[in-house]
Engineer: 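Let me begin by handing over the structure; questions about it come next.
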Amino acid sequence: MTSEPVPSSRVLVTGGAGYIGSHVLHALADAGIPAVTIDNLSTGRRQAVPASVPLVEGDVGSPALLDEVIREHGVDAVMHFAGSIVVPESVEKPLAYYRNNTVSSLTLLDACVRHGIDKLVFSSTAAVYGAPERVPIDEDAPTAPINPYGASKLMTEQMLRDAGAAHGLRSVILRYFNVAGADPAGRTGQATPVATHLIKVACQALLGQRPALSVFGTDYPTPDGTCIRDYIHVSDLADAHVLALLHLRRGGDSLILNCGYGRGASVREVVRTLESVSGETVPATLGPRRAGDPPQLVSAAARIRERLGWVPKHDSLEEIVRSALSWERRLDQERAGRDGA
Ligand SMILES: NC(=O)c1ccc[n+]([C@@H]2O[C@H](COP(=O)([O-])OP(=O)(O)OC[C@H]3O[C@@H](n4cnc5c(N)ncnc54)[C@H](O)[C@@H]3O)[C@@H](O)[C@H]2O)c1
Ligand SMILES: O=c1ccn([C@@H]2O[C@H](COP(=O)(O)OP(=O)(O)O[C@H]3O[C@H](CO)[C@H](O)[C@H](O)[C@H]3O)[C@@H](O)[C@H]2O)c(=O)[nH]1
């Protein structure tokens, strides 16, 4: 490594080898915005990172590594994706979640302040709202997480607010609803080893990679008895990140924005849509409720459009499930190629 900073500003993307981070790295590369990523590859994959982006393998909780990367690459802004994301696991191992999500974020914020970086885009979650009293949920709704994952993210939001007031660190906090689908060009997708998200699990069941999808609860107070979620295509979410970065680079103020389409789909609707795009049946069993699932989570979606001028391009459940299925088929072929080699 050289000791002189390079002249062009790069955005530091933490967790860029993961599902959402890798889509954002591709979106940044497509927009001609230089980036560097730190990832410890705990759930991410090296091959998800675009060839043009330097991947520094290491932990975002290391102050020395952050110092080195920020100096070496002339970092002027940060997008923070690295973290642990499985809700039930956060209930079993809360301290691990507070360490990897909250404590590591504290280390990162500290590094930003130390290096005079005043722009940060943060991956938050609708889980900060807990089980909301009303849908659609707007950004001013009360935050009341019902699991350590959501609490660990809300604590980081609080640190960002306080660091903004004290140190001028401006942030865009993006609260994602249910992220799904894959890059339409097939460059990346969700490849994390533990699949728990509905659309990925349903695709895996359809392809015979698991015996069946278990539908978690059919007695919810919703029209068909199954839970309703606001599914957002990961490529639209990636575009929102690029817009958030540009907003901060223009000198824009701190924002908290929901990321969703403002429209819900039930578990049964998701399954039907997957069946209609594939022409095949999803093997499914009707099971009991999963602990901690609110009946409905739907975003109030106006603010992000107003503040960032975000216009979704893939706003259809068909497109989301089609891209997720074709990504799952691609992973299948990759595995078959490896096994055959
Ligand atoms: N997937 C969703 O539906 C969803 C919803 C809301 C919020 N989020 C948030 O979005 C972010 C990205 O989620 P994802 O779905 O892409 O998950 P992911 O597991 O695919 O990506 C996380 C990446 O961070 C890396 N990582 C984890 N801990 C690290 C550490 N300490 N140091 C360096 N790298 C580390 C992992 O190797 C991985 O590449 C997370 O912060 C998550 O909480 C995701
Ligand atoms: O095998 C499965 C998996 C899920 N579901 C159901 O499908 C819906 C969606 O579940 P996911 O696990 O895909 O997503 P969650 O809604 O639980 O949570 C996700 O979306 C949240 C915001 O809406 C947070 O962002 C959180 O981090 C993220 O994991 C839920 O009703 C769930 O009960 C099933 O029926 N069977």
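In this chain, residues are counted from 1 in sequence order. Order of listing sets the numbers, starting from 1, for every ligand and every atom in it.
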Engineer: Regarding R303 and D140, does a basic nitrogen lie under 4.0 Å from an acidic carboxylate oxygen?
Structural biologist: yes

Engineer: Y231: heavy atom below 4.0 Å from ligand 2, yes or no?
Structural biologist: yes

Engineer: Is R322 salt-bridged to E318, going by a charged N under 4.0 Å from an acidic O?
Structural biologist: no

Engineer: What I want to find out is whether E280 reaches R329 closely enough, with some N-O distance under 4.0 Å, to be called a salt bridge.
Structural biologist: yes

Engineer: Within the structure, is a non-hydrogen atom of V87 found at a distance of less than 4.0 Å from ligand 2?
Structural biologist: no

Engineer: Can you give me a line-by-line list of nitrogen or oxygen pairs between ligand 1 and the protein shorter than 3.5 Å?
Structural biologist:
residue: ligand 1; atom: 16 (O); partner: Y19; partner atom: N; Å: 3.3
residue: ligand 1; atom: 16 (O); partner: I20; partner atom: N; Å: 2.8
residue: ligand 1; atom: 19 (O); partner: T43; partner atom: OG1; Å: 2.7
residue: ligand 1; atom: 20 (O); partner: Y19; partner atom: N; Å: 2.8
residue: ligand 1; atom: 26 (N); partner: N40; partner atom: OD1; Å: 3.4
residue: ligand 1; atom: 28 (N); partner: N100; partner atom: ND2; Å: 3.0
residue: ligand 1; atom: 31 (N); partner: D59; partner atom: OD1; Å: 3.1
residue: ligand 1; atom: 31 (N); partner: D59; partner atom: OD2; Å: 3.4
residue: ligand 1; atom: 31 (N); partner: N100; partner atom: OD1; Å: 2.7
residue: ligand 1; atom: 32 (N); partner: V60; partner atom: N; Å: 3.0
residue: ligand 1; atom: 34 (N); partner: N40; partner atom: N; Å: 3.1
residue: ligand 1; atom: 34 (N); partner: N40; partner atom: OD1; Å: 3.4
residue: ligand 1; atom: 37 (O); partner: D39; partner atom: OD1; Å: 2.7
residue: ligand 1; atom: 37 (O); partner: N40; partner atom: OD1; Å: 3.4
residue: ligand 1; atom: 37 (O); partner: S42; partner atom: N; Å: 3.0
residue: ligand 1; atom: 37 (O); partner: S42; partner atom: OG; Å: 3.3
residue: ligand 1; atom: 37 (O); partner: T43; partner atom: N; Å: 3.1
residue: ligand 1; atom: 37 (O); partner: G44; partner atom: N; Å: 3.0
residue: ligand 1; atom: 39 (O); partner: G18; partner atom: N; Å: 3.0
residue: ligand 1; atom: 39 (O); partner: D39; partner atom: OD1; Å: 3.2
residue: ligand 1; atom: 39 (O); partner: D39; partner atom: OD2; Å: 2.5
residue: ligand 1; atom: 39 (O); partner: G44; partner atom: N; Å: 3.3
residue: ligand 1; atom: 41 (O); partner: F81; partner atom: O; Å: 2.8
residue: ligand 1; atom: 41 (O); partner: K153; partner atom: NZ; Å: 2.7
residue: ligand 1; atom: 43 (O); partner: Y149; partner atom: OH; Å: 2.6
residue: ligand 1; atom: 43 (O); partner: K153; partner atom: NZ; Å: 3.1

Engineer: If we only consider heavy atoms of I85, is any one of them less than 4.0 Å away from an atom in ligand 2?
Structural biologist: no

Engineer: Measure the distance from atom 5 (N) of ligand 2 to every protein heavy atom, then report the residue, atom name and distance (to 0.1 Å) of the closest one.
Structural biologist: F216 CD1, 3.6 Å

Engineer: Return the closest protein heavy atom for atom 16 (O) of ligand 2 as residue, atom name and distance.
Structural biologist: R229 NE, 2.8 Å

Engineer: Taking the six-membered ring for Trp and the single ring otherwise, decide whether the centroids of Y231 and H197 are under 6.0 Å apart.
Structural biologist: no

Engineer: Could you tell me whether the side chains of S42 and N40 share a donor-acceptor contact shorter than 3.5 Å?
Structural biologist: yes

Engineer: To check you understand the geometry: which heavy-atom pair defines the closest contact between S299 and N258, and what is its length?
Structural biologist: OG-CB, 3.3 Å

Engineer: Check whether any side-chain heavy atom of L257 sits under 4.5 Å from a side-chain heavy atom of R175, and report yes or no.
Structural biologist: no

Engineer: Just jot down the ligand 2 atoms closer than 4.0 angstrom to any heavy atom of L297, in number order.
Structural biologist: 23 (O)

Engineer: Work out which heavy atom in V60 is nearest to a heavy atom in T107; give both atom names and the distance.
Structural biologist: O-CG2, 4.2 Å

Engineer: Both conditions, 6.0 Å and 45 degrees, for the charged tip of R289 above the ring of Y220: are they met here?
Structural biologist: yes

Engineer: By number and element, which atoms of ligand 2 are closer than 4.0 Å to a non-hydrogen atom of A126?
Structural biologist: 22 (C), 23 (O)

Engineer: Would you list the atom pairs, donor with acceptor, under 3.5 Å between side chains in residues 48-57 and any protein atom, with sequence neighbours excluded?
Structural biologist:
residue: E57; atom: OE1; partner: R46; partner atom: NH2; Å: 2.7

Engineer: Any idea which atoms of ligand 2 are less than 4.0 Å away from a heavy-atom of C227?
Structural biologist: 31 (O)

Engineer: L198 versus ligand 2: do any nitrogen or oxygen atoms come within less than 3.5 Å of each other?
Structural biologist: yes

